[in-house]
Amino acid sequence: DAGITQSPRHKVTETGTPVTLRCHQTENHRYMYWYRQDPGHGLRLIHYSYGVKDTDKGEVSDGYSVSRSKTEDFLLTLESATSSQTSVYFCAISERGRGPTNEKLFFGSGTQLSVL
Amino acid sequence: GESVGLHLPTLSVQEGDNSIINCAYSNSASDYFIWYKQESGKGPQFIIDIRSNMDKRQGQRVTVLLNKTVKHLSLQIAATQPGDSAVYFCAEINTNAGKSTFGDGTTLTVKP
């Protein structure tokens, strides 16, 4: 998956607990994205980053925060997980981009998160 | 066929046949379109893209057709193989607004 590693691959947690998902890339791409994928909704953008310490909100950012301290790492944090955040989370990268995306994305293998 | 944002249709074809997967997009300002393939348990994988100044683009065994008049996109896969079995979805992108919308996808099943 284009030098993108997501961890963990699976996570089960309880409502109200904090959760952090990690995305690591070896492509040295500038743009990184977090999406969630749910039946009936397609991929929806949570947050994205256009450089170290430069991040912005996507269409479904409520309840999520991100951090990017190094080019290769992009973290997604659920401060207090809720059942509505049960989903498959995908990290993606792109070499260029303007705004959320204007070119093809390369995706990681995803993290299946279950909030009980 | 598929409409961006609606439920998942399915397509079943015999190995060796050609497949056509459809996508109806919603925004006439969208000027860039991408087809992705997603196998079970994996992330989406780029297949082919097309810009709005074109109406056809060919890749290896795949062709994308764009009809801007009716806001319709299709993916044609020639000589479909079992390894083509996956969910295929389109993305419409308004590059000026920096906004993209992904469809749910179509499940393609290839029968040997």
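In what follows, chains carry the letters A, B, and so on, assigned in the order in which the sequence lines appear, proteins first and then strands, with residues in each chain numbered from 1. Bear in mind the structure is a predicted one, so any value in this text is a computation, not a measurement.
- Taking the ring centroids of Y35(A) and F102(B), they lie under the 6.0 Å cut-off.
- Few gaps surround CD on E15(B); more than 12 heavy atoms of other groups in view lie less than 6.0 Å from it.
- Under the 4.5 Å side-chain heavy-atom criterion for ILVMFWY residues, no single connected hydrophobic cluster contains both M32(A) and V52(A).
- Shown here is Q60(B), whose CD atom has no more than 12 heavy atoms of other residues, nucleotides or ligands within 6.0 Å.
- Between the CG atom of D49(B) and the NZ atom of K104(A) there is a distance of 6.0 Å, given to the nearest 0.5 Å.
- Atom OG of S100(B) and atom CG of L45(A) lie 6.5 Å apart (nearest 0.5 Å).
- Linking Ile, Leu, Val, Met, Phe, Trp and Tyr whenever their side-chain heavy atoms come within less than 4.5 Å leaves I20(B) and L108(B) in two separate clusters.
- Judged by distance alone, the side chain of Y36(B) and the main-chain N or O of L105(A) form a donor-acceptor pair under 3.5 Å.
- Annotation: the span from Q38(B) atom CD to Q37(A) atom CD amounts to 4.0 Å, rounded to 0.5 Å.
- A continuous path of ILVMFWY side-chain contacts below 4.5 Å connects L11(B) to V64(B), so both sit in one hydrophobic cluster.
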From CA spacing to verdict: side-chain contact (heavy atoms from CB on, under 4.5 Å), K42(B), F90(A): CA-CA 10 Å; K42(B) 296 185 178 181; F90(A) 287 101; over 6 Å; no

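- Interface summary for chain B: among L43(A), D38(A), V88(A), the most heavy-atom pairs under 4.5 angstrom belong to L43(A).
- By the criterion of side-chain heavy atoms lying less than 4.5 angstrom apart, applied directly or through intervening Ile, Leu, Val, Met, Phe, Trp or Tyr residues, L75(A) is not grouped with Y89(A); the two fall into different hydrophobic clusters.
- Residues D104(B) and P39(A) fail the side-chain proximity criterion, which asks for heavy atoms closer than 4.5 Å.
- Heavy atoms closer than 4.5 Å to chain B are found nowhere in Q6(A), neither backbone nor side chain.
- Contacts between R44(A) and chain B at a heavy-atom distance below 4.5 Å are absent for every atom of the residue.
- Both V62(B) and I21(B) are assigned to one and the same hydrophobic cluster, defined by single-linkage of ILVMFWY side chains at heavy-atom distances under 4.5 Å.
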